[in-house]
Amino acid sequence: MLRHEGDTSRCAVILPGVRYFSQAPLLWFARETAQARGWSVVEVDERARDDQEPFGWMREQAERALEAAAGAELVVVIGKSLGSAAAPLVEGPAAWLTPLLTRPEIVAALSSASAPTLLVGSPDDSTWGDGVVPDNQALEVFELAGLDHSLQVSRDPRASLDVLRTVTDRLGAFLDRL
């Protein structure tokens with residue numbers, strides 16, 4: 001786990017995906033966006049060992065990261081894919097990048113969220129498109145067509161960079177409203 005110092009009253013917790021680590025573009029720029037706004041950041045920069053059950057591992061990592069951020073008045077969780085397994089643990093604001101909307105426990109947690117929550121995904125990603133986007137006033141849903149689970153355009157790096165900029169801007173605007 002990495003700690004990036006900033007405003008101690010505001011902390012962003014970064015949770016990775018199973019094969020999408022905190023140094024991958026969406027999470028790298030999520031951290032950069034939070035830090036540019038003065039937030040401190042707790043970043044889970046590890047991955048589950050092959051012999052670990054990934055969902056249990058993620059919940060344990062999320063608990064540790066939330067404990068590390070506990071001194072802040074405002075904590076926002078920013079998670080990618082597997083990171084959304086922590087949704088049942090999160091009481092405050094969150095931004096979920098490609099949350100696993102095919103998992104009932106994640107959909108249930110998002111359905112009952114009361115803090116501002118940003119969901120970003122694509123109908124072309126089966127974990128989003130084949131799932132259920134909850135109907136909840138606390139959710140801000142940002143859907144982008146034609147993208148894979150990494151929120152990229154297949155075989156088009158320039159278009160993928162444009163998407164990265166768009167998602168980063170949307171995340172920045174979300175953080176600004178908190």
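No experiment lies behind these values; they were computed from the predicted model shown.
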Straight-line distance of [X] [atom1] to [Y] [atom2], nearest 0.5 Å:
{"X": "Lys80", "Y": "Trp96", "atom1": "NZ", "atom2": "CH2", "result": "12.5 Å"}
{"X": "Ser81", "Y": "Leu26", "atom1": "OG", "atom2": "CG", "result": "11.0 Å"}
{"X": "Leu119", "Y": "Leu101", "atom1": "CG", "atom2": "CG", "result": "6.5 Å"}
{"X": "Ile14", "Y": "Leu2", "atom1": "CD1", "atom2": "CG", "result": "11.0 Å"}
{"X": "Ser150", "Y": "Leu164", "atom1": "OG", "atom2": "CG", "result": "11.5 Å"}
{"X": "Thr98", "Y": "Leu144", "atom1": "OG1", "atom2": "CG", "result": "11.5 Å"}

Residue pair [X] / [Y]: nearest heavy atoms and the distance that separates them:
{"X": "Tyr20", "Y": "Pro16", "value": "O-CB, 3.4 Å"}
{"X": "Asn136", "Y": "Ala113", "value": "ND2-O, 2.9 Å"}
{"X": "Trp39", "Y": "Leu74", "value": "CH2-CD2, 3.6 Å"}
{"X": "Ala34", "Y": "Ala12", "value": "CB-CB, 4.0 Å"}
{"X": "Phe174", "Y": "Pro93", "value": "CZ-CB, 4.4 Å"}
{"X": "Ser84", "Y": "Pro99", "value": "OG-CA, 3.6 Å"}

Indicate yes or no: at least one non-hydrogen side-chain atom of [X] is less than 4.5 angstrom from one of [Y].
{"X": "His149", "Y": "Thr127", "value": "yes"}
{"X": "Phe142", "Y": "Leu118", "value": "yes"}
{"X": "Val41", "Y": "Arg3", "value": "no"}
{"X": "Thr166", "Y": "Asp169", "value": "no"}

Practice prompt. Would you check if there is a donor-acceptor pair between the side chains of Glu43 and Ser22 at a distance under 3.5 Å?
Written response: yes
Worksheet item: Can His4 and Ser40 be counted as having a side-chain donor-acceptor contact under 3.5 angstrom?
Response: no
Discussion item. Assess the residue pair Arg165 and Val163 against the criterion (side-chain contact (heavy atoms from CB on, under 4.5 Å)); give the C-alpha distance rounded to whole Å, side-chain angles, the decisive distance to 0.1 Å, and a yes or no.
Written reply: CA-CA 5 Å; Arg165 181 183 318 278; Val163 171; over 6 Å; no
Taking salt bridge (Lys or Arg N to Asp or Glu O under 4.0 Å) as the cut-off, I'd like each qualifying pair that reaches into [range], sequence neighbours left out, listed once.
{"range": "residues 139-152", "result": "Glu140-Arg170, Glu140-Arg177"}
{"range": "residues 92-120", "result": "Arg103-Glu105"}
{"range": "residues 10-22", "result": "Asp7-Arg10"}

Same cluster or not: are [X] and [Y] linked, directly or through other Ile, Leu, Val, Met, Phe, Trp or Tyr residues, by side-chain heavy atoms under 4.5 angstrom apart?
{"X": "Phe29", "Y": "Leu171", "answer": "yes"}
{"X": "Leu139", "Y": "Leu15", "answer": "yes"}
{"X": "Val133", "Y": "Leu151", "answer": "no"}
{"X": "Val77", "Y": "Met1", "answer": "yes"}
{"X": "Leu97", "Y": "Val13", "answer": "no"}

Discussion item. Run the side-chain contact (heavy atoms from CB on, under 4.5 Å) test on Trp128 and Leu100 for me, step by step, so that the C-alpha distance in whole Å, both residues' side-chain angles and the decisive distance to 0.1 Å come before the verdict.
Written reply: CA-CA 6 Å; Trp128 177 285; Leu100 302 178; over 6 Å; no
Discussion item. Assess the residue pair Phe55 and Leu82 against the criterion (side-chain contact (heavy atoms from CB on, under 4.5 Å)); give the C-alpha distance rounded to whole Å, side-chain angles, the decisive distance to 0.1 Å, and a yes or no.
Written reply: CA-CA 7 Å; Phe55 289 90; Leu82 177 64; 3.7 Å; yes
Partners of [X] by salt bridge (Lys or Arg N to Asp or Glu O under 4.0 Å), sequence neighbours excluded?
{"X": "Glu46", "result": "Arg64"}
{"X": "Arg155", "result": "none"}
{"X": "Arg37", "result": "Asp176"}

Using a 6.0 Å cut-off, check whether atom [atom1] of [X] has over 12 heavy atoms from anything other than its own residue.
{"X": "Gln52", "atom1": "CD", "value": "yes"}
{"X": "Asp51", "atom1": "CG", "value": "yes"}
{"X": "Gln137", "atom1": "CD", "value": "no"}

Fill in: Verdict with reasoning, Glu53 to Trp57, per side-chain contact (heavy atoms from CB on, under 4.5 Å)
CA-CA 6 Å; Glu53 192 280 317; Trp57 174 84; over 6 Å; no
Worksheet item: Is there a donor-acceptor pair closer than 3.5 Å between any side-chain N or O of Thr117 and the backbone N or O of Ala115?
Response: yes
Worksheet entry | Glu73 backbone acceptor or donor facing Ser9 side chain under 3.5 Å | no
Worksheet item: Do you know which of Ile106, Val107, Leu110 makes side-chain contact (heavy atoms from CB on, under 4.5 Å) with Val132?
Response: Val107
Worksheet item: Does NZ or CZ of Arg31 lie under 6.0 Å from the centre of the six-membered ring of Trp28, at an angle within 45° of the ring axis?
Response: yes
